[in-house]
Amino acid sequence: MQHPRMPSYPPVQSVLRALDVLEELNRHGTTSIAELHRATGLPKPTLVRLLETLVFAGYACSGDRLGGYQVTSEVAKLSAGFHGSPLVVEAARPFALDLTRRLRWPVSVAVLEGCTMAVRFSTVPDSNVSPFHAPVGMRLSLVARGLGRAYLAWCPAAEREILLRMLAKLPAGEGHPPNLAAVVRGVLRTVHRLGYAERDPGVEPRNSNTLALPIRAEGRVLATIGIGFYRSAVPHAVLMDRLLPALRAAAQGTEQSLLALRPAAE
């Protein structure tokens, strides 16, 4: 098991050992104590105690007929929350961090919640030139914000119609401007013509902008990813020649990463 983060407190070693054993069991149909000993390096008495604990918790089973230990269907519960939104955010995280490391500007990843986009990951803390405060948890308009427009422009038409009906029931504001249908048609034309989405220049803060693209799989938009920047610091040529290609590569890289992550999570 890899442990990429430095914890705030010393990790509980018995928990780490149990997770190592569970990972190893999950790789095989049936595993003996001797095989687990070779794979993990843990002493056999320790392995027996850990395995019996996993059996007691319902995550493993054993018996003479099995010829060793194996996981039970209970392990599927451990990944029940790791699909859809959490999975796409996990896939996008390293690409977002790399973008900020190279371009300096903050990157955010948002997923659809109701008829808004909820920011689920942001590199604002990693950017010294961020135009925004940490936006994680913020809900953004589908109509006026770059991350929202990218979703609305590339989601399936049937889904878009449902979202428009939901938007029409919102109070007047960013998510429900006057002449909603006409505004959305204009947004879609612009986004499809440009090949990317931007924030409405009339939305505060007006001195900054967001460049956004969808993250897609199987004909669906799973999330959107965007770079925030000061308008005065990024001429159009820089946006087109540097930011947009880098963001497009990050979106495509995330989509490829999802293909590798999904079998492990399903």
Side-chain angles (χ1 to χ4, degrees), residues 1-98 101 109-113 118 120-123 126 136-137 215-223 225 249-266:
M1 174 187 292
Q2 297 179 345
H3 308 295
R5 292 188 57 205
M6 292 300 294
S8 302
Y9 301 95
V12 180
Q13 293 301 317
S14 59
V15 174
L16 294 180
R17 288 194 290 267
L19 291 172
D20 284 337
V21 171
L22 191 57
E23 280 189 6
E24 193 61 32
L25 283 177
N26 201 43
R27 293 191 183 101
H28 308 283
T30 302
T31 313
S32 67
I33 296 289
E35 290 169 331
L36 287 170
H37 172 65
R38 287 193 294 271
T40 65
L42 293 173
K44 292 181 179 180
T46 299
L47 284 169
V48 171
R49 290 197 299 272
L50 291 172
L51 287 164
E52 290 304 311
T53 300
L54 291 172
V55 169
F56 177 81
Y59 292 112
C61 59
S62 67
D64 294 336
R65 293 176 61 186
L66 294 175
Y69 292 82
Q70 65 182 37
V71 295
T72 70
S73 61
E74 288 296 297
V75 298
K77 294 180 179 178
L78 299 177
S79 64
F82 194 65
H83 57 81
S85 298
L87 186 59
V88 70
V89 172
E90 181 74 9
R93 180 180 285 110
F95 295 98
L97 290 168
D98 179 65
R101 180 185 60 79
V109 180
V111 299
L112 184 72
E113 288 194 4
R120 286 290 169 253
F121 179 73
S122 174
T123 65
D126 303 283
V136 172
I215 297 170
R216 294 175 284 186
E218 299 175 353
R220 298 171 51 222
V221 177
L222 302 181
I225 183 170
Q252 292 171 348
T254 300
E255 292 168 356
Q256 291 299 313
S257 182
L258 274 170
L259 296 176
L261 285 173
R262 272 184 160 170
E266 290 177 351

Looking at side-chain heavy atoms only, is the closest gap between L112 and V221 below 4.5 Å?
-> no
Does the side chain of L54 come within less than 4.5 Å of V71's, by heavy atoms?
-> no
If you round to the nearest 0.5 Å, how far is CG of L47 from CG of L42?
-> 5.0 Å
Partners meeting side-chain contact (heavy atoms from CB on, under 4.5 Å) with A91 (sequence neighbours left out) | T254, S257, L258, L261
Any side-chain heavy atom of V55 sitting closer than 4.5 Å to one from Y69?
-> yes
Hey, are D20 and R17 close enough for a salt bridge, meaning a charged N less than 4.0 Å from a carboxylate O?
-> no
Would a 4.5 Å heavy-atom cut-off, applied to side chains only, mark F121 and L97 as touching?
-> yes
Would you please name every residue forming a side-chain hydrogen bond (donor to acceptor under 3.5 Å, both in side chains) with E113, sequence neighbours left out?
-> R120, R139
Just jot down the side-chain hydrogen bond (donor to acceptor under 3.5 Å, both in side chains) partners of E35, sequence neighbours excluded, or say none.
-> S32
Does R93 have any side-chain hydrogen bond (donor to acceptor under 3.5 Å, both in side chains) partners at least two apart in sequence or in another chain, and if so, which?
-> E90
Salt bridge (charged side-chain N to carboxylate O under 4.0 Å, His left out) partners for E24, two or more places apart = R27
Within-4.5 Å side-chain heavy-atom neighbours: L50 and L22 | no
With sequence neighbours left out, write down each residue that passes side-chain hydrogen bond (donor to acceptor under 3.5 Å, both in side chains) with D126, or none if nothing qualifies.
-> none
